[in-house]
Amino acid sequence: MDIRGHRVGRLWIERASEIAREYYASFTLDRAARLHLGLVSARGGVDIEQVADEDPSAIARLHIHPTVGLSERAARDLVERAGLDLQARAGATDILLKLYRCFVEGDADLVEINPLILTLDGRVHALDAKVTLDNNADFRHPEWQEFKATEALDEREQLARQKGLQYIGLDGTVGIIANGAGLAMSTLDVVNQVGGRPANFLDIGGGANAEVMANALEVIKHRRQGALHLHQHLWRHHPRRGGGQRIVEALRGWS
């Protein structure tokens, strides 16, 4: 079975739910604010990006400090501000608390329930969900190896994983290498703005040495592309602060 280019290896089958209302709930990391971000909306069952474009006020937001966590009171307030039906609020609050625990203890970048439903008999439960894990926490979760065994990776992604690189293959023609996820994301935006189409997301991290740079180029060259965009912060000498890459290390990797 193939769904939008994704090969289906496993199926989850369960009884159909009798849906009265559909909602949305998620937790992710707001990197700009350096805080966790909770989102809840009474408009579920559709892409949240569509809701954000059409009616931003339909999404209730809550920033959460990682050292403080999510309290029951804060979760209940978030549900109320989102305008969920009265009979759904207690159940939705309980699920939000469990979802946030999953987000934190599971070292996730994103946990999303869409839709979170209210059934005809008044129950609230998750009908569909999505989880994106933080690969930097891989060493804490040996159980993730089972998940990786089910992934369908192309040759580039397999090579990048072997080299320990943060890589996501895309369908464009402009290869991108950057030292830092934020820099890589902004570079993708710039390429799109000028009419290009990124071929990948590749973050080599701050302080990458020549070997890492060479490995990144090897992954990029694994597929023929029309252009290569290198976007890196370089220093002549090691700075007294983190991030960036020494010029000499970059040159050694390029050679």
Set out, in order, the CA-CA distance, both residues' side-chain angles and the distance that settles side-chain contact (heavy atoms from CB on, under 4.5 Å) for Glu72 and Thr93, then state yes or no.
CA-CA 7 Å; Glu72 183 176 352; Thr93 298; 4.2 Å; yes

Using every non-hydrogen atom in the two residues, find where [X] and [Y] come nearest and quote the distance to one decimal.
X	Y	answer
Ile64	Gly38	CD1-N, 4.5 Å
Ala25	Leu96	CB-CD2, 3.9 Å
Ala42	Ala82	CB-O, 3.6 Å
Ala199	Gly175	CB-N, 4.1 Å
Ala216	Leu202	O-CD1, 3.8 Å
Ser17	Leu127	OG-CD1, 3.5 Å

Is there a side-chain contact between [X] and [Y] (heavy atoms, below 4.5 Å)?
X	Y	value
Leu133	Asp107	no
Val124	Ile95	yes
Val174	Pro198	no
Val40	Tyr24	no
Tyr23	Leu118	yes
Leu188	Ile176	yes
Asn114	Ile48	no
Ile19	Thr119	no

Using 0.5 Å steps for rounding, measure from the [atom1] atom of [X] to the [atom2] atom of [Y].
X	Y	atom1	atom2	answer
Leu62	Leu78	CG	CG	5.5 Å
Asp94	Lys98	CG	NZ	4.0 Å
Leu37	His63	CG	NE2	4.5 Å
Arg123	Ile117	CZ	CD1	7.5 Å

Could you list the residues that satisfy salt bridge (Lys or Arg N to Asp or Glu O under 4.0 Å) with Asp134, not counting sequence neighbours?
none

Would the number of heavy atoms belonging to other residues, nucleotides or ligands and lying under 6.0 Å from CD of Glu143 be above 12?
yes

For Arg140, does the CZ atom sit with more than 12 other heavy atoms under 6.0 Å from it, leaving out its own atoms?
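Yes, enclosed.
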
Please test Asp30 against Arg34 for salt bridge (Lys or Arg N to Asp or Glu O under 4.0 Å), starting from the C-alpha separation and ending with a verdict.
CA-CA 6 Å; Asp30 185 337; Arg34 299 182 180 181; over 6 Å; no

Should Leu99 and Val104 be regarded as members of a common hydrophobic cluster, given that ILVMFWY residues are connected when their side-chain heavy atoms come within less than 4.5 Å of each other, either directly or indirectly?
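Yes.
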
Hphob cluster co-occupancy, Val111 + Leu97, side-chain heavy atoms under 4.5 angstrom
yes

Could you check whether the rings of Phe103 and Tyr100 sit parallel, tilted or perpendicular, using 30° and 60° as the cut-offs?
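Geometry flag for Tyr100 against Phe103: tilted rings.
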
Determine, stepwise, if the pair Arg43 / Glu54 fulfils salt bridge (Lys or Arg N to Asp or Glu O under 4.0 Å).
CA-CA 11 Å; Arg43 292 180 56 184; Glu54 296 176 353; 3.0 Å; yes

Using the side-chain contact (heavy atoms from CB on, under 4.5 Å) rule, take Ile113 and Asp128 through it: C-alpha gap first, then chi angles, then the decisive distance, then the call.
CA-CA 6 Å; Ile113 300 176; Asp128 197 4; over 6 Å; no

Stepwise salt bridge (Lys or Arg N to Asp or Glu O under 4.0 Å) check, Asp77 with Arg73:
CA-CA 6 Å; Asp77 177 69; Arg73 180 177 180 179; over 6 Å; no

Which residues pass the ring-ring contact (aromatic ring centres under 6.0 Å, His included) test with His125, not counting sequence neighbours?
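Testing His125 for ring-ring contact (aromatic ring centres under 6.0 Å, His included), a comparison that skips the adjacent residues, returns none.
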
Thr132/Lys130 under side-chain contact (heavy atoms from CB on, under 4.5 Å): CA gap, chis, key distance, verdict:
CA-CA 7 Å; Thr132 303; Lys130 173 182 178 180; 4.0 Å; yes

Salt bridge or not for Arg89 and Asp85, using N-O below 4.0 Å?
no

With Ser41 as partner, the option from Leu116, Asp55, Leu84, Val51 fulfilling side-chain contact (heavy atoms from CB on, under 4.5 Å) is Val51

Would His36 and Phe27 count as a close aromatic pair, with their ring centres under 6.0 Å?
no

